[in-house]
Amino acid sequence: MKETDREAVATAVQRVAGMLQRPDQLDKVEQYRRREARKKASVEARLKAAIQSQLDGVRTGLSQLHSALSDVKDIQRSLADVSKDWRQSINTVESLKAVKDAVVRHSQLAAAVENLKNIFSVPEIVRETQDLIEQGALLQAHRKLMDLECSRDGLMYEQYRMDSGNTRDMTLIHSYFGSTQALSDELAKQLWMVLQRSLVTVRRDPTLLVSVVRIIEREEKIDRRILDRKKQTGFVPPGRPKNWKEKMFAVLDRTVTTRIEGTQADTRESDRMWLVRHLEIIRKCVLDDLLVARSLMVQCFPPRYQIFRSLLNVYHQAVSTRMQELAAEDLEANEIVSLLTWVLNTYTSAEMMGNAELAPDVDVGVLEPLLSPDVVAELLDTYMSTLTSNIIAWLRKALETDKKDWVKETEPEADQDGYYQTTLPAIVFQMFEQNLQVAAQISEDLKTKVLVLCLQQMNSFLSRYREEAQLYKEEHLRKRQHPHCYVQYMIALINNCWTLRESIVSLKRKYLQHDTDEGVSLSQPSMDGLLDAIAEEGCSSLLEEVFLDLEQHLNELMTKKWLLGSNAVDIICVTVEDYFNDFAKIKKPYRKRMIAEAHRRVVQEYLRAVLQKRISFRNAEERKEGAERMGREAEQLRFLFHKLAAGFGEEMDGHCDTIVAVAEVIKLTDPSLLYLEVSTLVSKYPDIRDEHIGALLAVRGDASRDMKQTIIESLEQGPAQASPDYVPIFKDIVVPSLNVAKLLK
């Protein structure tokens with residue numbers, strides 16, 4: 001209390017301090033005092049009222065407790081009186097047992113009298129019921145059946161009540177009404193037949209289906225009533241419960257399953273497209289049935305049956321079971337594709353479960369998968385394995401077909417731009433395209449896997465293609481007259497490389513959204529390199545063909561005949577130009593490289609002729625005449641290759657300048673300047689070797705042994721460094737050892 005008082009005083013001091021902060025507020029002290037007094041009086045009044053209310057509640061509670069205690073005592077006295085009366089009446093109840101038995105017997109007799117008419121008319125009712133069932137009057141037949149069952153069940157119940165152990169009488173009643181169970185089974189058979197044809201019946205005669213549903217509803221009510229009575233008495237009539245509602249759904253389930261299985265009209269032996277037809281029939285069948293169920297059947301069943309939802313589940317399960325059966329069969333690759341496309345895409349599309357007329361009752365998002373992920377993965381593995389084998393076989397067959405074309409007597413076909421080509425690229429990539437389109441129908445992941453597979457097999461195929469092209473060349477070299485169109489088909493092979501390269505890029509651009517797959521991203525450079533290698537080997541083969549024809553004329557260069565006046569270079573130019581007129585059928589990227597290589601090799605062969613010391617000039621006049629002739633021929637070759645390269649908009653490398661530079665060394669009249677001229681030549685062409693210089697000096701015919709030795713030793717002390725863009729020209733020129741020996745003598 002002291003602590004509370006101190007807190008109250010402290011609070012009061014704060015309030016007073018807050019009210020008396022300015023001198024002019026002292027005049028209002030009396031006013032503040034009255035206001036605080038009023039607040040205090042108000043708080044005290046509320047406190048008193050609250051305490052008074054609590055006291056009134058306690059008073060009322062005590063009064064109610066006293067009343068309850070009094071009531072409990074009265075009840076206790078009443079229970080004691082009841083217990084006393086019950087003990088006194090036990091003997092009286094036992095004396096009434098005979099009356100009880102009489103009442104039971106009376107009840108049984110009353111039931112017998114009540115059913116007497118039905119008992120005597122049982123045979124007649126049975127016949128009428130049978131007739132009604134045969135006539136299709138199912139509701140009337142069921143009404144009479146209910147009367148028979150009611151009479152039988154009533155008599156059996158009374159017998160059960162009187163003497164549940166008397167099986168003889170129960171058997172007698174049951175045998176007398178024995179036809180009742182047969183009628184029930186016959187009626188049920190008719191009901192199931194109607195339900196099996198329910199999708200047809202609901203369109204032709206919906207009232208018949210409604211009658212069936214009403215009969216099932218009646219039986220369900222009777223079943224519930226009998227089960228309730230069983231809990232009280234333990235009695236259950238024979239044949240109960242019938243559970244016709246449960247059997248109805250079982251019949252629908254079997255009907256749907258049979259309907260789905262019966263849609264297979266063909267086999268693989270009779271029709272290669274059997275699975276496609278089978279799946280299409282299932283699609284149409286399921287869609288049509290569900291549309292009928294949603295629009296008509298729901299009107300014939302009570303809402304609580306949820307008949308459309310039940311049928312949807314039944315159809316889904318039946319289709320799933322059928323798909324699993326198909327997946328377990330030994331399917332071919334195209335059949336696996338058809339199955340997976342249908343399962344993963346068609347089933348949930350607008351063509352089937354996603355149909356707008358089924359929405360919103362069908363949510364494809366909540367439907368269970370028709371095939372488990374494991375089964376789908378197994379099918380995909382089988383498909384990829386089969387596809388791999390098929391692609392290998394297709395590529396092998398395509399190559400064999402192409403090889404047959406190579407030996408034809410007619411030229412290959414040309415594309416729209418006039419370039420020779422064979423059908424190989426079109427066949428290969430049409431095959432790839434078809435398989436990728438099929439894979440894309442299933443999933444993006446499978447499409448990427450198939451693309452990777454195609455590129456991998458393409459890599460292996462190109463190695464075989466390269467080997468076959470090499471064998472083709474070797475076969476031709478053994479007998480140059482055959483094949484007749486060797487050049488044209490070699491051109492087509494070269495062009496095929498460019499077409500394949502473009503097709504690969506196009507294929508990846510079309511079917512690969514993101515080039516992130518390691519297998520795909522790494523395959524392109526290796527294939528580009530392989531295709532370039534095949535094309536370059538093909539170009540080399542054609543150039544080899546050219547140089548075989550030029551060999552005789554190249555051998556005339558730098559000979560006495562040449563010096564006296566030979567038209568070898570004229571023939572060389574005409575021959576090269578003639579060949580390159582044919583090579584115009586080669587696509588530009590490869591033709592450009594081929595012209596550059598031909599240019600380099602012609603110049604190289606010319607230089608080889610110079611360095612082979614076929615001629616040794618005897619005097620300055622001959623050297624001048626030979627050098628000038630070399631200059632003129634260099635210009636002829638430059639003009640030729642400039643003309644061939646004109647369509648590419650680029651200048652050819654100055655290989656012909658090498659001939660001019662060598663001619664300048666030969667033409668030089670002052671031997672004292674020979675070292676300077678040779679040094680200039682070596683600085684321009686760093687790949688020139690000692691033996692080349694020795695052979696060149698030997699061709700001049702005026703260099704002494706000491707001069708040769710001095711020049712060669714001086715040049716060895718400071719070898720020139722080649723620039724990165726320099727194309728070697730002397731590197732592959734071999735000087736005969738005889739010439740070198742002569743040089744060192």
Side-chain angles (χ1 to χ4, degrees), residues 118 121-153 156 173-227 236-263 285 289 292-293 296-302 304-307 310-311 313-315 317-318:
N118 290 339
S121 59
V122 165
E124 182 181 353
I125 295 175
V126 168
R127 285 194 299 274
E128 291 176 355
T129 305
Q130 185 67 46
D131 292 341
L132 290 171
I133 291 174
E134 292 175 357
Q135 294 168 11
L138 302 182
L139 276 176
Q140 294 89 327
H142 185 252
R143 173 57 63 188
K144 289 188 176 295
L145 177 62
M146 288 173 62
D147 292 341
L148 288 172
E149 290 180 338
C150 184
S151 299
R152 180 198 64 185
D153 296 347
M156 295 184 77
I173 297 172
H174 187 269
S175 62
Y176 185 74
F177 285 91
S179 301
T180 304
Q181 186 60 43
L183 288 174
S184 178
D185 294 342
E186 182 63 25
L187 180 60
K189 184 179 178 181
Q190 294 298 317
L191 299 183
W192 308 149
M193 288 176 64
V194 173
L195 286 171
Q196 288 170 359
R197 300 192 301 269
S198 57
L199 291 167
V200 177
T201 304
V202 76
R203 293 185 234 192
R204 297 179 179 176
D205 186 8
T207 56
L208 180 58
L209 185 59
V210 172
S211 298
V212 170
V213 176
R214 287 179 61 187
I215 291 170
I216 293 172
E217 278 286 278
R218 289 176 184 173
E219 290 295 337
E220 284 294 302
K221 289 179 181 178
I222 296 172
D223 280 350
R224 288 195 295 271
R225 187 169 65 249
I226 287 176
L227 290 175
V236 179
R240 291 288 178 181
K242 293 185 178 181
N243 295 324
W244 277 8
K245 180 181 177 182
E246 182 179 332
K247 291 179 181 178
M248 175 192 74
F249 284 111
V251 168
L252 290 174
D253 193 343
R254 288 196 302 273
T255 302
V256 170
T257 302
T258 304
R259 182 167 170 76
I260 295 300
E261 291 176 349
T263 53
C285 168
D289 290 356
V292 170
L296 299 176
M297 283 189 70
V298 292
Q299 302 175 23
C300 301
F301 288 80
R304 66 178 181 279
Y305 276 46
Q306 294 188 327
I307 189 64
S310 299
L311 282 174
N313 293 335
V314 168
Y315 271 98
Q317 186 58 45

If you round to the nearest 0.5 Å, how far is [atom2] of [Y] from [atom1] of [X]?
| X | Y | atom1 | atom2 | answer |
| --- | --- | --- | --- | --- |
| Ile222 | Trp244 | CD1 | CH2 | 9.0 Å |
| Ile216 | Leu191 | CD1 | CG | 6.0 Å |
| Met297 | Ile307 | CE | CD1 | 5.0 Å |
| Ser198 | Asp289 | OG | CG | 8.5 Å |
| Tyr315 | Asp253 | OH | CG | 11.0 Å |

Pair Phe249-Val314, side chain to side chain contact (heavy atoms under 4.5 Å, CB included): steps then yes or no
CA-CA 9 Å; Phe249 284 111; Val314 168; over 6 Å; no

Would you sort out whether Trp192 and Thr255 count as a side chain to side chain contact (heavy atoms under 4.5 Å, CB included), showing the intermediate values? CA-CA 10 Å; Trp192 308 149; Thr255 302; over 6 Å; no

Q | Pair Ser310-Leu252, side chain to side chain contact (heavy atoms under 4.5 Å, CB included): steps then yes or no | A | CA-CA 9 Å; Ser310 299; Leu252 290 174; over 6 Å; no

Flag the pair [X] / [Y] as yes when at least one side-chain heavy-atom distance between them is below 4.5 Å, and no otherwise.
| X | Y | result |
| --- | --- | --- |
| Tyr305 | Met248 | yes |
| Leu296 | Pro206 | no |
| Val212 | Leu195 | yes |

Contacts satisfying side-chain hydrogen bond (donor to acceptor under 3.5 Å, both in side chains) that involve residues 200-209 (not counting sequence neighbours) are Asp205-Thr207

The complete set of salt bridge (Lys or Arg N to Asp or Glu O under 4.0 Å) pairs with one or both residues in residues 216-226, sequence neighbours excluded, reads Glu217-Arg304, Glu219-Arg240, Glu219-Lys242, Asp223-Arg240

Heavy-atom closest pair (Leu311 atom, Ala293 atom, distance to 0.1 Å) is CD1-CB, 3.7 Å

